[in-house]
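If you're wondering where the values come from, they're calculated on a predicted model, not measured in any experiment. We count residues from 1, following the sequence as given.
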Amino acid sequence: MQGFQGPSDLPPPPPLRPRSVGEVLEAAFSLYSKHWKSLIQIVAIAVIPLTIIQYGLGDAVRSSRTTDATGHVTSTGGGVVAASVLVSLLALLIQVVLIGAIAWAVATSLVGREPDVGESYRFGYRRFWTILLVGVLYVLVVFVGFIALIVPGIILAVRFSVAVPAVVVERRRGTDALSRSWNLTRGRSWSVFGAFIVAAFLGAIVNALFTTIGSGAGWFLAGLLAGIGSSITTPFTGLVLGLVYFDLRVRKEQLDLPTLDRELQQAAAS
């Protein structure tokens with residue numbers, strides 16, 4: 001495996017240093033502007049076709065419903081519903097691979113490389129089961145927190161938020177990845193929460209814009225626009241997540257680019 005050195009025609013990556021919330025977002029925008037074509041392509045390949053299919057099946061489900069004289073639904077096409085369930089399951093599995101692919105693409109962009117679509121997906125596929133396990137554990141823990149009270153759920157979501165980057169970069173697994181995230185975010189929960197809230201807000205605005213444009217249109221155009229919106233916003237959210245993770249490591253472990261470069265080479269070879 002070649003070293004993770006950026007091509008000479010690319011600007012140097014932003015240095016790894018402690019950043020405020022505003023500086024994290026600024027660095028995310030900077031990286032997005034350099035690598036947006038590759039990042040959007042990674043997401044769009046999977047998200048746009050699946051979103052269109054889901055919109056089409058949703059329309060088919062609504063069209064297959066029959067109602068009685070009172071307006072109550074009496075039956076729904078069983079085959080269409082079964083197809084919708086299978087597509088939803090497929091979308092979940094692809095989403096797991098996509099999470100790993102985006103996390104890898106973000107990490108490589110931070111050391112000055114242009115993210116590679118094939119390489120990113122191969123890496124996401126190799127980490128499929130680990131990311132799935134961490135994702136299930138994350139959802140269960142946060143769900144229990146929200147059942148107890150809303151605030152504990154939010155706290156747990158923030159404290160375990162960088163578990164996937166720990167899987168991708170440090171090859172952590174299962175509860176070890178969650179424990180790693182918990183330790184990294186200790187004492188920095190408010191800044192992590194602030195970065196994610198702003199990123200989520202910006203993403204929601206863009207997604208809402210595309211959804212609004214597609215409202216009232218046919219299912220194909222509506223699904224296409226929704227998929228485009230997700231393809232635009234998902235990479236930015238991934239960049240913010242990656243930058244937050246590296247910021248935490250810089251603050252607590254003085255992480256530098258050569259060390260990160262070595263970690264990515266080891267992760268790529270494993």
Enquirer: For the CZ atom of R159 and the OG atom of S189, what is their distance to the nearest 0.5 Å?
Expert: 4.5 Å

Enquirer: Please check if the side chain of S181 supplies one atom and the backbone of A177 the other of a donor-acceptor pair under 3.5 Å.
Expert: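 No, because the side chain of S181 does not come within donor-acceptor range (under 3.5 Å) of the backbone of A177.
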
Enquirer: Step by step, would you call E253 with L184 a side chain to side chain contact (heavy atoms under 4.5 Å, CB included)?
Expert: CA-CA 10 Å; E253 302 168 352; L184 284 175; 4.1 Å; yes

Enquirer: Indicate yes or no: at least one non-hydrogen side-chain atom of R173 is less than 4.5 angstrom from one of L133.
Expert: no

Enquirer: Looking only at heavy atoms, which two atoms of L156 and G145 are closest? And how far apart?
Expert: CD1-CA, 3.9 Å

Enquirer: Are the side chains of V167 and R171 in contact, using a 4.5 Å heavy-atom criterion?
Expert: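 A side-chain contact under 4.5 Å is absent here.
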
Enquirer: Atom CG in L264, atom CZ in F123: separation rounded to 0.5 Å?
Expert: 8.0 Å

Enquirer: Taking K252 for its side chain and R186 for its backbone only, find out whether a donor-acceptor pair lies under 3.5 Å.
Expert: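 Side chain of K252 to backbone of R186: a pair is present.
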
Enquirer: Restricting to non-hydrogen atoms, name the atom on A105 and the atom on I42 that form the minimum distance, rounded to 0.1 Å.
Expert: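 Residues A105 and I42, closest heavy atoms: CB-CD1, 3.6 Å.
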
Enquirer: Counting C-beta onward and ignoring hydrogens, is there a side-chain heavy-atom pair between L248 and V192 closer than 4.5 Å?
Expert: yes

Enquirer: Is the shortest heavy-atom distance from the side chain of L132 to the side chain of R127 under 4.5 Å?
Expert: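 No; the side chains remain at least 4.5 Å from each other.
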
Enquirer: Looking only at the aromatic ring of each residue, does the gap between the centers of W219 and Y55 stay below 6.0 angstrom?
Expert: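 No: the rings miss the under 6.0 Å criterion.
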
Enquirer: Tell me whether F128 at atom CZ has more than 12 heavy atoms from other residues, nucleotides or ligands lying less than 6.0 Å away.
Expert: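 Above 12, so yes.
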
Enquirer: Taking the side chain as everything from C-beta on, heavy atoms only, tell me whether T211 gets closer than 4.5 Å to L225.
Expert: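 No - every pair of side-chain heavy atoms lies 4.5 Å or more apart.
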
Enquirer: Any idea which heavy atoms bring A28 and V240 closest together, and the distance?
Expert: CB-CG2, 3.9 Å

Enquirer: Going from CD on E170 to CD on Q266, what distance comes out if it is rounded to the nearest 0.5 angstrom?
Expert: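 One finds 11.0 Å between CD of E170 and CD of Q266.
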
Enquirer: Look at the side-chain heavy atoms of Ile, Leu, Val, Met, Phe, Trp and Tyr, link any pair under 4.5 Å apart, and say whether V136 and L98 land in one connected group.
Expert: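 Yes, V136 and L98 fall within the same hydrophobic cluster.
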
Enquirer: Got a salt bridge between R180 and D176, using NZ or NE/NH1/NH2 to carboxylate O under 4.0 Å?
Expert: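 Looking at D176 together with R180, the answer is no, because their closest N to O distance does not fall below 4.0 Å.
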
Enquirer: Of the non-hydrogen atoms in V24 and L243, which two are nearest, and what is the gap between them?
Expert: O-CD1, 3.5 Å

Enquirer: Decide yes or no on side chain to side chain contact (heavy atoms under 4.5 Å, CB included) for L239 and F29, but give the supporting numbers first.
Expert: CA-CA 8 Å; L239 285 169; F29 277 115; over 6 Å; no

Enquirer: Could you tell me which non-hydrogen atom of T51 sits nearest to which non-hydrogen atom of A226, and how far apart they are?
Expert: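 For T51 and A226, the tightest heavy-atom pair comes out as CG2-CB, 3.9 Å.
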
Enquirer: What distance separates I232 CD1 from L202 CG, expressed to the nearest 0.5 Å?
Expert: 13.0 Å

Enquirer: Can I205 and L209 be said to form a side chain to side chain contact (heavy atoms under 4.5 Å, CB included), step by step?
Expert: CA-CA 6 Å; I205 291 176; L209 175 62; 5.7 Å; no

Enquirer: Distance only, no hydrogens: is a donor on one side chain within 3.5 Å (strictly under) of an acceptor on the other, for T185 and R188?
Expert: no

Enquirer: In the structure I gave you, are the side-chain heavy atoms of V244 and V162 within less than 4.5 Å of one another anywhere?
Expert: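 V244 reaches V162 side chain to side chain.
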
Enquirer: Starting at CD of E23, measure out to OG of S30 and round the result to the nearest 0.5 Å.
Expert: 12.5 Å

Enquirer: Quick one: are T234 and V47 in side-chain contact, heavy atoms under 4.5 Å?
Expert: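 Contact flag for T234/V47 side chains = no.
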
Enquirer: Quick one: which of T212, N207, V206 gives a side chain to side chain contact (heavy atoms under 4.5 Å, CB included) with F210?
Expert: V206

Enquirer: For F146 and V142, run side chain to side chain contact (heavy atoms under 4.5 Å, CB included): C-alpha distance rounded to whole Å, both residues' side-chain angles, the deciding distance at 0.1 Å, then the answer.
Expert: CA-CA 6 Å; F146 274 106; V142 173; 3.3 Å; yes

Enquirer: Taking all non-hydrogen atoms of both residues into account, name the closest pair between R19 and A27 and its distance.
Expert: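 It is NE-CB, 3.8 Å.
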
Enquirer: Using a 3.5 Å distance criterion without hydrogens, assess whether the side chain of S230 forms a donor-acceptor pair with backbone atoms of G227.
Expert: no

Enquirer: For the hydrophobic clusters of this structure (ILVMFWY residues joined by side-chain heavy atoms under 4.5 Å, transitively), does one cluster hold both V144 and V134?
Expert: no

Enquirer: With a 4.5 Å heavy-atom cut-off, do R249 and E263 have their side chains touching?
Expert: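 Answer yes - side chains close enough.
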
Enquirer: Quick check: is W190 connected to V198 through a chain of hydrophobic side chains (ILVMFWY, heavy atoms under 4.5 Å apart)?
Expert: yes

Enquirer: Angle between ring planes, Y32 versus F236, binned at 30° and 60°: parallel, tilted or perpendicular?
Expert: perpendicular

Enquirer: What distance separates T108 OG1 from D261 CG, expressed to the nearest 0.5 Å?
Expert: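 The distance works out to 11.5 Å.
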
Enquirer: Same cluster for F143 and F196 if Ile/Leu/Val/Met/Phe/Trp/Tyr side chains link at under 4.5 Å?
Expert: no

Enquirer: Could you walk me through whether T259 and R262 pass side-chain hydrogen bond (donor to acceptor under 3.5 Å, both in side chains), step by step?
Expert: CA-CA 5 Å; T259 301; R262 289 193 298 272; 3.2 Å; yes

Enquirer: Are the side chain of S161 and the backbone of V158 linked by a donor-acceptor contact shorter than 3.5 Å?
Expert: yes

Enquirer: Side-chain heavy atoms under 4.5 angstrom apart, residues restricted to Ile, Leu, Val, Met, Phe, Trp, Tyr: same cluster for W182 and L140?
Expert: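 In one cluster: yes.
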
Enquirer: Would you call the rings of F160 and Y138 parallel, tilted or perpendicular, taking 30° and 60° as the class edges?
Expert: perpendicular

